[in-house]
There are 2 protein chains.
Amino acid sequence: MKSAQNSKITLEHVAEMARVSRATASRVLTANPRVSPESRRAVERAARKLGYIPNHAARALATGHSDAVALVISEPTSLIFGDPFFPRLIRGIGEVLAARDKQLILLAPQSGTDMDRLERFVAAGHSDGVLLVSLHGVHPLPGRLAARGIPVVVGGRPAEADLFTYVDIDNVGGAFAAVTHLAARGRRSITTISGPQDMPPGRDRLLGYRSALEAEGLPLDEGAEESADFTQEGGERAMRRLLERRPSLDAVFAASDLMAAGALRTLAESGRRVPDDVAVVGYDDDPVAASSSPPLTSVRQPIEEMGREMARLLLDAMHAPRRVILTTELQVRLSSGRATEAM
Amino acid sequence: MKSAQNSKITLEHVAEMARVSRATASRVLTANPRVSPESRRAVERAARKLGYIPNHAARALATGHSDAVALVISEPTSLIFGDPFFPRLIRGIGEVLAARDKQLILLAPQSGTDMDRLERFVAAGHSDGVLLVSLHGVHPLPGRLAARGIPVVVGGRPAEADLFTYVDIDNVGGAFAAVTHLAARGRRSITTISGPQDMPPGRDRLLGYRSALEAEGLPLDEGAEESADFTQEGGERAMRRLLERRPSLDAVFAASDLMAAGALRTLAESGRRVPDDVAVVGYDDDPVAASSSPPLTSVRQPIEEMGREMARLLLDAMHAPRRVILTTELQVRLSSGRATEAM
DNA sequence: ATAAAGTGTGGAACCGCTCCCATGAAATCC
DNA sequence: GGATTTCATGGGAGCGGTTCCACACTTTAT
């Protein structure tokens, strides 16, 4: 019944056509140097002519590896597809992997069942290594994979940092730069809308805020700190509370652009002008940052680079746990002050 | 050097522990009925005890199939991750596939090179079938895959419709319902912002608009039609042109919510009240629809169901080309008229 | 009772590839 | 010039499953 169309061209056929043994043909296709130029050419011609494509399963079985890498995003699909973080990350990872001829497999476990399925998937040999992002809290997965001897690289500092190889972006430094920028523009009452304090990025950005104030000789003030959940609504509410407590504030550093956007709304409602009365700096350099009004000064994270670095790390995953910390870049726009203002 | 950790547990080990042959052990694990209850239990126990996980490559090599299905989205990653269409589609596909224990592999070819890579990937046996969405124009891929004997199901009617198995959503019907709804609310000068006319959905929604007018006995009027590119800005401009040509219009049907949102902006600028002066209906039931002001009446597409149907179709892909057309549903909100108005 | 059909099982071939090892020819050495 | 090394090559043994086939043993029909 089945269309015997181009019924499977195997290495055997190629070898036959090239008048060499299967072993020699295999050497040519695996770039083994011990082949005479004639044989090489003959095999290459035959392979091209027949449209030969090596059978993945057979190769994987013989070599013991699949030449594929899994990217595991443990986040609800709806979130994955809303956040510009992931396309950037994937682009970075994809670049490096493509150059090394590895296949990227995207996995988004949604449930505990999916997690188990995932472990079997990897253990069954589908992928040679795993890239893990947006882990929440202490997660069993990286440990279990590691126990099976499967290389894992985590994106973003995990809770048990010293156990795993990971790549992180310098959240403290990013926040520090943002707040220093505000201080340099002459702001003296700099408040912050921090992220959730049970997430490393949330904590680190608050730390960066504080140490920048200290470095600038500005007083630390608990009343100038308000935390929210990275959403716009959360930002609006937090800004309202800050205005109540510190009506004379002249700057806000928000730990995400969404929260910054919320802050902008609240500020507008309360009649404050941005940046004349209050300067605002966000975080992430989300597309919303450039299109908000006024355009938002923001901390840009090297997410593509993080992807690249994760992929690189995984590829030479035989090494002992390593870590890489990347630095951010401040995107200055109108929201933090007039362009003519002194730097 | 390599950690010989739990050095690969094979079927051989399981068989040994269960005191049966490898053949019998295999029968148990492939749900072959010709096994005695005792053997079955013994094998199951041994497998569990050893934490046995079948090697994928070996199984694929022996059976000739991989139990995986590729979803190919030929769209820039940035677009994929912006559009709520894809998570919904993936959810639908995932449901059906998970129930049948198939693995979903996401592929997003970005270039011609990627396309070639993709073909090799599938031909190499990584996946048993391909789901294809957002094809633009006449695309060589489905044909080439089909020529290799690989089952393909296309999402959205392809240009060469009768060659492939596909699932589509009834764009004509959706537009028809939207326009009928407007007419039922007493609107008489119903204009439309149509999508690009080189895309089937763009064309079909315009057709639906026209046939609804006809059905309602309203005159067709070329001046009441303006096409745009599915974006908000395009919608704004198109609305402006419509207002110039037909200042007395009392309704607009936009072929996407983004364009409808643009139309709302232009209408507000021109001082028209929605829905009192002009009723508006969009398409897609995008999240922006519910949060725009006023909330947008829109055509909701059964995207999850489309995913499910695509997966089902692929799974029994031995059949002759088939097609399935799904119907839409009108989401009535404020933009198309007061709730108290007569239906 | 004897033949026929049905059951559970193990041996072994096979899927398509890689790679170790033995072999013979050519190149290098003393 | 003979011994040794180098090199390309083919044979063949796996990799870890599935499945055909033959076999011994029951069960059922005649």
Side-chain angles (χ1 to χ4, degrees), chain A residues 2 4 6-44 46-47 50-68 101 120-121 123-126 128, chain B residues 2 4 6-44 46-47 50-68 101 120-121 123-126 128:
Chain A
K2 294 230 170 160
N6 50 349
S7 54
K8 290 292 152 252
I9 291 148
T10 75
L11 190 55
E12 194 80 54
H13 302 136
V14 175
E16 190 183 353
M17 180 178 235
R19 312 190 143 283
V20 298
S21 73
R22 202 171 70 237
T24 299
S26 173
R27 286 190 194 96
V28 172
L29 279 106
T30 52
N32 185 318
R34 298 179 110 56
V35 192
S36 70
E38 306 90 72
S39 302
R40 178 174 306 283
R41 250 176 296 123
V43 171
E44 280 168 352
L50 294 171
Y52 170 71
I53 295 179
N55 178 293
H56 170 70
R59 175 171 284 180
L61 181 56
T63 61
H65 53 252
S66 66
D67 286 323
D101 249 303
R120 314 193 120 245
F121 179 81
H126 273 100
D128 299 335
Chain B
K2 293 233 170 155
N6 50 349
S7 54
K8 293 290 152 254
I9 290 147
T10 74
L11 190 56
E12 193 80 54
H13 301 136
V14 175
E16 191 182 351
M17 179 177 239
R19 313 190 142 283
V20 298
S21 72
R22 203 167 74 236
T24 299
S26 172
R27 287 189 194 100
V28 171
L29 280 107
T30 51
N32 186 317
R34 297 180 111 55
V35 192
S36 71
E38 306 91 73
S39 303
R40 177 175 307 283
R41 251 177 292 124
V43 171
E44 280 167 352
L50 295 172
Y52 170 71
I53 295 180
N55 178 293
H56 171 70
R59 176 171 284 181
L61 180 57
T63 60
H65 53 252
S66 66
D67 288 323
D101 248 301
R120 314 193 120 245
F121 179 82
H126 273 98
D128 299 336

(request) Would you mind reading off the distance between B/Arg19 atom CZ and C/dG8 atom C1', rounded to a whole angstrom? (result) 18 Å
(message) So, does B/Ser21 get its side chain near the phosphate of C/dG10, meaning an N or O under 4.0 Å from OP1 or OP2?
(response) yes
(request) Give the B/S/- string for nucleotides 22-27 of chain C, one per nucleotide from 5' to 3', where a protein heavy atom under 4.0 Å of the base yields B, of only the sugar-phosphate yields S, and otherwise -. (result) ------
(request) Give every residue pair that meets the salt bridge (Lys or Arg N to Asp or Glu O under 4.0 Å) criterion with at least one member in residues 53-65 of chain B, sequence neighbours excluded. (result) none
(message) B/Asp67: which residues meet the side-chain hydrogen bond (donor to acceptor under 3.5 Å, both in side chains) condition with it, sequence neighbours left out?
(response) B/Lys102
(request) Output the residues of residues 22-30 of chain A in contact with DNA chain C, where contact means a heavy atom of the residue under 4.0 Å from an atom of the strand; sort by number or write none. (result) A/Arg22, A/Ala23, A/Ser26, A/Arg27, A/Thr30
(request) Specify the separation, in whole Å, of atom CD1 of A/Ile53 and atom C1' of C/dC15. (result) 18 Å
(request) Mind listing the closest non-hydrogen atom pair of B/Ala123 and A/Ile53 along with its distance? (result) CB-CD1, 3.4 Å
(request) Using side-chain hydrogen bond (donor to acceptor under 3.5 Å, both in side chains) as the criterion, list what pairs up with B/Ser26, not counting sequence neighbours. (result) none
(request) Applying side-chain hydrogen bond (donor to acceptor under 3.5 Å, both in side chains), name anything that partners A/Ser21, two or more places apart in sequence or on another chain. (result) A/Thr24
(request) Under the side-chain hydrogen bond (donor to acceptor under 3.5 Å, both in side chains) rule, collect the residues that match up with A/Ser36, sequence neighbours excluded. (result) A/Ser39
(message) Distance check needed: C/dC17 P versus A/Lys8 NZ, whole Å only.
(response) 10 Å
(request) Please state how far atom CG in A/Leu11 lies from atom C1' in C/dC19, giving the value in whole angstrom units. (result) 13 Å
(message) Return the CG to CE distance between B/Leu50 and B/Met17, rounded to the nearest 0.5 Å.
(response) 4.5 Å
(message) What's the separation between atom CG in A/Leu11 and atom CD1 in A/Ile9, rounded to the nearest 0.5 Å?
(response) 12.0 Å
(request) Please work out which residues in residues 31-38 of chain A have a non-hydrogen atom less than 4.0 Å from an atom of DNA chain C and list them by number. (result) none
(request) Take atom CD of B/Glu12 and atom P of C/dG11, then tell me their distance rounded to the nearest Å. (result) 10 Å
(message) A/Glu12: which residues meet the salt bridge (charged side-chain N to carboxylate O under 4.0 Å, His left out) condition with it, sequence neighbours left out?
(response) A/Arg22
(message) Rounded to the nearest 0.5 Å, what separates atom CZ in A/Arg40 from atom CZ in A/Arg27?
(response) 11.0 Å
(message) Measure OH/B/Tyr52 against C1'/D/dT18 and give the value in whole Å, please.
(response) 11 Å
(message) Check this for me: B/Glu16, atom CD, are more than 12 non-hydrogen atoms of other residues, nucleotides or ligands nearer than 6.0 Å?
(response) no
(request) Only counting residues at least two apart or in another chain, list the ones meeting ring pair (Phe, Tyr, Trp, His ring centres under 6.0 Å) with A/His126. (result) A/Phe121, B/His56
(request) Return the minimal non-hydrogen interatomic distance between A/Tyr52 and A/Leu29, and the atom names on each side. (result) CE2-CD2, 3.6 Å
(request) Rounded off to whole Å, could you give me the CZ-to-P distance for the A/Arg41 and D/dT9 pair? (result) 12 Å
(message) Can you give me the closest heavy-atom contact between B/Asp128 and B/Ser66, atom names plus distance?
(response) OD1-N, 2.8 Å
(request) Specify the angle, to 10°, made by the local axes at the two ends of the helix from C/dA1-D/dT30 to C/dC30-D/dG1 when five pairs are taken at each end. (result) 40°
(message) If you take any heavy atom closer than 4.0 Å to DNA chain D, which residues from residues 54-62 of chain A end up in contact?
(response) A/Leu61, A/Ala62
